[in-house]
Number of protein chains: 2
Amino acid sequence: MAGKSVIPISLVSVKAACTQCSLHELCLSEGLSQEELASLDSLVGARRKLKRQQFLYRAGDPFEAIYAVRTGFFKTDVLLEDGREQVTGFQMAGEILGMDGIGTDTHSCNAVALEDSEVCVIPYAQLEQLSREIQALQRNFHKVMSRELVRDQGLMMLLGTMRAEERLAAFLLNMSQRFTTRGYSAAEFNLRMTREEIGSYLGLKLETVSRAFSRFQEERLIAVQQKHVRILDGERLRRLLNHAPR
Amino acid sequence: MAGKSVIPISLVSVKAACTQCSLHELCLSEGLSQEELASLDSLVGARRKLKRQQFLYRAGDPFEAIYAVRTGFFKTDVLLEDGREQVTGFQMAGEILGMDGIGTDTHSCNAVALEDSEVCVIPYAQLEQLSREIQALQRNFHKVMSRELVRDQGLMMLLGTMRAEERLAAFLLNMSQRFTTRGYSAAEFNLRMTREEIGSYLGLKLETVSRAFSRFQEERLIAVQQKHVRILDGERLRRLLNHAPR
DNA sequence: GTTATAGCTTGATCCATGTCAATACACCTG
DNA sequence: CAGGTGTATTGACATGGATCAAGCTATAAC
């Protein structure tokens, strides 16, 4: 950290903010020039640390900023008046939270840290301003939102047409893929969420999730112990998808 | 149409393009000055007419433009390799289609006209350009995308936690609300989609949709005959939501 | 006007997942 | 290390919606 004195100070400070946290093309800084990165950095100054179970924002909160996950793990969820909960997503390093608030100036879901986490606070008014000046930033931001729309389509497909085991397979492969992108093992990881949260995300009850885990273990597709998952046969897991049982 | 000669020619041409079709704040032109509207108009020049069942774009098509529905009715859907279909949305006048393509430069779903329709073609590169110049346009565009994210959250909630009759009630109330916004009757309308398409959207089989319709009719909540729906008791229909059965 | 076809309704049955309940496990606290 | 609490597993049973099947109704085609 303190070494590498060949790097000019200005660059080090840039690195500390955006270059370091943006895992390649995950965040908003992809493809920006050094100069542009510096502008983005000055905007992103603020950080916020959250303890496990703390809310980053709640449904109804006024919208002021979007957030880039630096470290940690989040869930977003929506609550119905009668108490039913739908987890709408899990977010990890490099992913953006809070865009649901842009349309109405009010957040429409809750965002909760599932472990101690840190986010970059990106004040929205300033982001709009800067993305009128920096085309690459504008483009990145639009791409992030659009990909979120596509992600949602995938989840609708899952919730609307898949059976329990397909859903869990899709979930595990998605997790694996995202860990891989971040340089972690594709085959072995620790889930940060409970069976109930997975179930809520997948439109299943926690018992059904648990049974599907057990089934996969019997079938030697995975080895699972509580939150620790090892994927033994990703190929077969993948084949479970896109092949209707009848 | 040909009358009203008091309106200057420049305004008439503006009206023909954006002022007329954008039902208030639905489209992208909300809050733009006359001058800005003219810029947007020059961008939106092209129109496209589609016959019933024609594709506006297909999954895999290169992304070039987004589309504003001028007249008619669309559905978007995603297909799985094994043939399973998930309808991800129904779009009517003033709504924007195609934003799924921004993230990957490729459309991720199909968009099909459910009746003869017309759209405004908005070339995306030019929209980005112009929205760097016109703050109100940038803001509108972001709001449209964000509202789409929020809409998706609602659909996930529906697919993940609601029972068949709740889903249909939510669907009918949503339709009613959107027709109202467009100046049509809230209580009486013609659906443009089949039971199968409704089912696909709601994560149900067409038979289940049909049975739920019949049930609502028995209960005097609605009067339904094929695609024609009259809402008799919107209040009770609304109470069906947000009240878990147990 | 007749026929064909797609769409819709309704009934009978089946099955995947929900529900309820008991137990086990892991982790934290003191 | 004991106890407690939240989490996970597993079993038995219930049920909502899927499936299969038959018939009906509107609309389009000829």
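In what follows, every chain begins at residue 1, and chains take the letters A, B, ... in the order their sequences are listed.
Going from atom CG of B:N190 over to atom P of C:dG7 covers 16 Å, rounded to whole Å. Spacing between atom CG of B:L159 and atom P of D:dG17 amounts to 13 Å, rounded to whole angstrom units. Protein atom CD of A:E165 is 14 Å distant from nucleotide atom C1' of C:dC15, rounded to whole Å. Between the CZ atom of B:R195 and the P atom of D:dC24 there is a distance of 19 Å, given to the nearest Å. Rounding to whole angstrom units, CZ of residue A:R167 and P of C:dT17 are separated by 7 Å. Nucleotide C:dG7 holds its P atom 11 Å from the CG atom of B:L114, rounded to whole Å. In this structure, the CG atom of A:L204 is 14 Å from the C1' atom of C:dT19, given to the nearest Å. Following rounding to the nearest Å, A:Q217 (CD) and D:dA8 (P) show an atom-to-atom distance of 14 Å.
B:S214 and B:E218 share no donor-acceptor pair across their side chains, judged by distance under 3.5 Å alone.
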Verdict with supporting geometry, A:E85 and A:K75, salt bridge (charged side-chain N to carboxylate O under 4.0 Å, His left out) = CA-CA 12 Å; A:E85 175 196 34; A:K75 73 168 177 184; 3.2 Å; yes
Between B:D116 and B:R52, is a salt bridge (charged side-chain N to carboxylate O under 4.0 Å, His left out) present by the stated rule, with each step listed?
-> CA-CA 5 Å; B:D116 294 358; B:R52 199 172 111 85; over 6 Å; no
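Remark: B:K143 NZ is packed, more than 12 non-hydrogen atoms of other residues, nucleotides or ligands lying under 6.0 Å away. Within a 6.0 Å radius of CZ in A:R58, no more than 12 heavy atoms belonging to other residues, nucleotides or ligands are found. Taking a 6.0 Å sphere around CZ of B:F55, one finds it holds more than 12 heavy atoms contributed by other residues, nucleotides or ligands.
Residue A:E165 is tested with A:R236, A:R215, A:R239 for a salt bridge (Lys or Arg N to Asp or Glu O under 4.0 Å); the sole match is A:R215. Of the listed residues (B:M175, B:E197, B:H228, B:Q226), just one forms a side chain to side chain contact (heavy atoms under 4.5 Å, CB included) with B:L191, and that residue is B:M175. Each of B:R192, B:K49, B:K51, B:K227 was compared with B:E115 under the salt bridge (Lys or Arg N to Asp or Glu O under 4.0 Å) criterion, and only B:R192 meets it.
For B:F63 and B:Y124, the ring centers sit closer than 6.0 Å to each other.
At a threshold of 4.0 angstrom between heavy atoms, the contacts of B:G199 with the nucleic acid are absent.
The aromatic rings of B:F90 and B:F73 sit tilted, their planes meeting at an angle between 30° and 60°.
Residues of residues 219-229 of chain B that place a heavy atom closer than 4.0 Å to DNA chain C, in numerical order, are B:Q226, B:K227. Against DNA chain C, the stretch residues 205-216 of chain B makes heavy-atom approaches under 4.0 Å through B:L206, B:E207, B:S210, B:R211, B:S214.
Rounded to 10°, the angle separating the first-five-pair axis and the last-five-pair axis of the helix from C:dG1-D:dC30 to C:dG30-D:dC1 equals 50°.
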